[in-house]
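The structure under discussion appears below in the form of structure tokens.
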Amino acid sequence: MNTAPLLAVDGLGKAFDGLVANRDISFVVHHGEIIGLIGPNGAGKTTLFNCLAGFHTPTTGRIAFEGHDITGSTPESAAALGIARTFQIVRVFQSMTALENVMVGAMLRNKRVSEARERAEDELAFVGLSHRADTPASDLTVSEQKRLEVARALATEPKLILLDEVMAGLNPTEVREASALVHRIHQRGIASIIVEHVMEGIMPIAHRMLVLDYGAKIADGTPAEIAENPAVIAAYLGE
Amino acid sequence: MTTGTNVSRKMAGTAALLALAAVLPLAVTEPSQQNFLILILMGAQMGVAWNIVGGYAGQVSLGHAVFYGIGAYTSTMLLLTLGLTPWIGALAGGLVAAAFALAMGWPCFRLKGHYFAMATIAVAEIMQILVTNSDALEGAVGLYLPMDQSGWGVLIFLSKLPYYYVILGLLVLTVLVSWAIERSHIGYYFRAIKDEPEAARALGVSLTRYKLIALTVSAFLTAMGGSFYAQKEMFIDPGSVFAGTISIKIALIAILGGVGRLTGPVLGAVILITIEEYSRTLFGSTGSGTDMIIYAAMIILVAVFSPSGVLGLLGDLRRHLPGAKPAEVETSAKEIRP
């Protein structure tokens with residue numbers, strides 16, 4: 001039925017006034033896959049996310065989602081097609097409660113407030129924040145705000161979710177919980193690309209890892225293959 | 001959940017307030033005092049209308065006089081040239097202002113924050129100059145409404161009382177529209193755009209579309225307020241309806257009371273108009289320009305002491321009062337739960 005991969009990135013490049021943040025990146029993501037996206041600081045991971053989610057227009061290359069060219073689409077049309085994202089620096093709606101934050105996400109598919117509320121309650125329960133539903137989002141801890149962003153993204157009923165460092169700054173217990181959450185997202189049939197520095201969080205659950213360095217893809221394989229890849233070791237530890 | 005009782009309490013409060021407003025002129029019979037009440041209702045109506053775009057959606061317009069003036073001039077011109085009743089004239093004024101808002105918002109919303117506010121000032125100033133130099137609109141001379149007619153058809157009255165009820169009705173309409181927006185998905189989107197525009201886009205919210213909705217609805221209601229002004233004063237000129245001071249006053253009423261809340265602009269109007277009228281009687285004609293001094297002082301006070309307005313200040317007080325329930329945090333978010 002689905003002959004085309006969920007996401008196909010071909011020769012993607014992005015330059016800002018001559019500074020090349022992404023160069024010639026190609027990869028595919030299949031339905032329901034968990035992809036880990038790693039690389040040293042400044043490797044271009046967030047730029048790649050911004051291109052996929054419509055926040056940046058790529059300088060070169062093309063992006064296809066379910067076989068349709070979406071290169072240079074807007075964030076709102078990317079969301080409508082089924083690409084959801086979280087932000088590296090959390091961007092919750094401060095003046096709203098946790099539940100209302102998620103309701104805004106749910107409204108993409110259903111504009112009726114009462115139905116959006118039901119949907120949002122389900123997603124809050126999914127990420128384990130039901131008890132904080134009526135708390136103003138600004139009063140949540142950073143860890144809770146990150147989970148809130150995940151719930152908000154899931155409420156848009158995506159086929160692909162881009163998670164930008166959802167495990168950063170979490171304690172070991174919270175990292176395990178976050179890994180379990182990503183696995184449950186996978187069980188719902190939603191593919192995810194996860195930018196992460198926390199290796200013990202991402203390595204056990206990722207089906208495949210992409211490694212970026214200086215804006216280019218230097219490796220693409222299973223977590224076990226990546227861990228032994230000389231180019232990856234060199235990128236992280238230096239030659 | 002206490003939200004159910006909260007809502008019924010709020011509804012009862014609103015009904016009581018409305019009943020009070022309806023019978024108030026029976027107690028206040030002095031025309032000058034009735035006029036004072038009318039001025040408060042006019043201020044509240046423009047503040048509530050401004051709040052839709054400036055409060056909920058967070059797009060601060062400092063050029064709302066342009067819509068006020070369009071409303072006043074459209075209904076007046078239709079009455080003078082075609083003899084059209086202001087009931088329809090005000091709706092026509094609203095439509096013209098809404099169309100103008102679409103045309104103006106399209107380029108202006110490409111600017112963010114302060115730059116958007118500056119663009120709205122420029123648009124309003126340009127409009128005032130254009131009207132001042134327009135022969136068809138009698139330029140700086142202004143327009144007089146027919147003095148020889150009166151009644152509900154032409155919406156011109158010899159006493160203050162009918163004006164009071166007309167503006168009360170317009171205020172109720174404006175509040176109802178605002179309330180309906182607040183409770184619908186549009187209200188949620190407005191607040192999302194105000195808080196985190198990029199995150200809103202990632203959730204599929206078109207910034208341009210929803211900002212334009214906010215400005216257009218706000219412009220429509222503001223223009224109807226302008227039409228009412230013309231009917232009440234029976235004379236308009238560019239200086240009285242297109243002036244920059246009107247724009248400032250409209251925004252200040254909402255900001256002073258508390259933006260993004262339904263009741264904020266009403267409270268702001270009561271405070272601002274009261275101060276304005278008292279200073280007018282105090283300084284008399286020597287005090288022309290005192291209104292600007294007062295506006296400036298208000299802006300400084302609000303900016304320094306309570307950016308969330310008087311409502312925000314009251315909320316803070318309530319929280320710090322001994323015996324206050326800490327869980328009962330009054331957020332604007334909480335108020336819109338059904």
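Since this is a predicted model, take the numbers as computed values, not measurements. Here is how names work: the chains are called A, B, and so on, in the same order as the sequence lines, proteins then strands, and each is numbered from 1.
Counting only heavy atoms from C-beta outward, the side chains of Arg191(B) and Phe93(A) never approach each other to under 4.5 Å. At a threshold of 4.5 Å between non-hydrogen side-chain atoms, the residues Arg201(B) and Thr74(A) count as touching. Using a 4.5 Å heavy-atom cutoff, the side chains of Thr156(A) and Leu203(B) are in contact.
If you measure heavy-atom distances from Arg152(A) to chain B, the contacts under 4.5 Å come from both the backbone and the side chain.
Residue with the most contacts toward chain A among Leu207(B), Asp195(B), Val205(B): Asp195(B) (heavy-atom pairs, distance under 4.5 Å). Interface check for chain B: of the options Thr86(A), Leu108(A), Ile83(A), the most heavy-atom pairs under 4.5 Å are formed by Leu108(A).
No more than 12 heavy-atom neighbours from other residues, nucleotides or ligands sit within 6.0 angstrom of NE2 on His114(B). Sparse packing is recorded around NZ of Lys112(B), with 12 or fewer heavy atoms of other residues, nucleotides or ligands lying under 6.0 Å away. Within 6.0 Å of atom CZ in Arg109(A), more than 12 heavy atoms from other residues, nucleotides or ligands are found, so the atom counts as buried in its surroundings. By the neighbour-count criterion of 12 heavy atoms within 6.0 Å, atom CZ of Phe305(B) is sparsely surrounded, having that number or fewer from other residues, nucleotides or ligands. Enclosure of atom CG in Leu19(A) by more than 12 non-hydrogen atoms of other residues, nucleotides or ligands within 6.0 angstrom is indicated.
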Hey, can you pull the donor-acceptor pairs under 3.5 Å for the side chains in residues 188-195 of chain A, sequence neighbours left out?
residue: Arg188(A); atom: NH1; partner: Glu123(A); partner atom: OE1; Å: 3.0
residue: Arg188(A); atom: NH2; partner: Glu123(A); partner atom: OE2; Å: 2.9

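Note on Arg209(B) versus Glu76(A): no salt bridge recorded, every NZ/NE/NH1/NH2 to OD/OE distance being 4.0 Å or above.
Taken to the nearest 0.5 Å, the NE2 atom of His185(B) stands 12.0 Å off from the CE atom of Met103(A).
Across Tyr188(B) and Met96(A), no two heavy atoms sit closer than the pair O-CE, 3.3 Å. For the pair Gly204(B) and Ala79(A), the tightest heavy-atom approach, listed with the atom from each and the gap, is N-CB, 3.6 Å.
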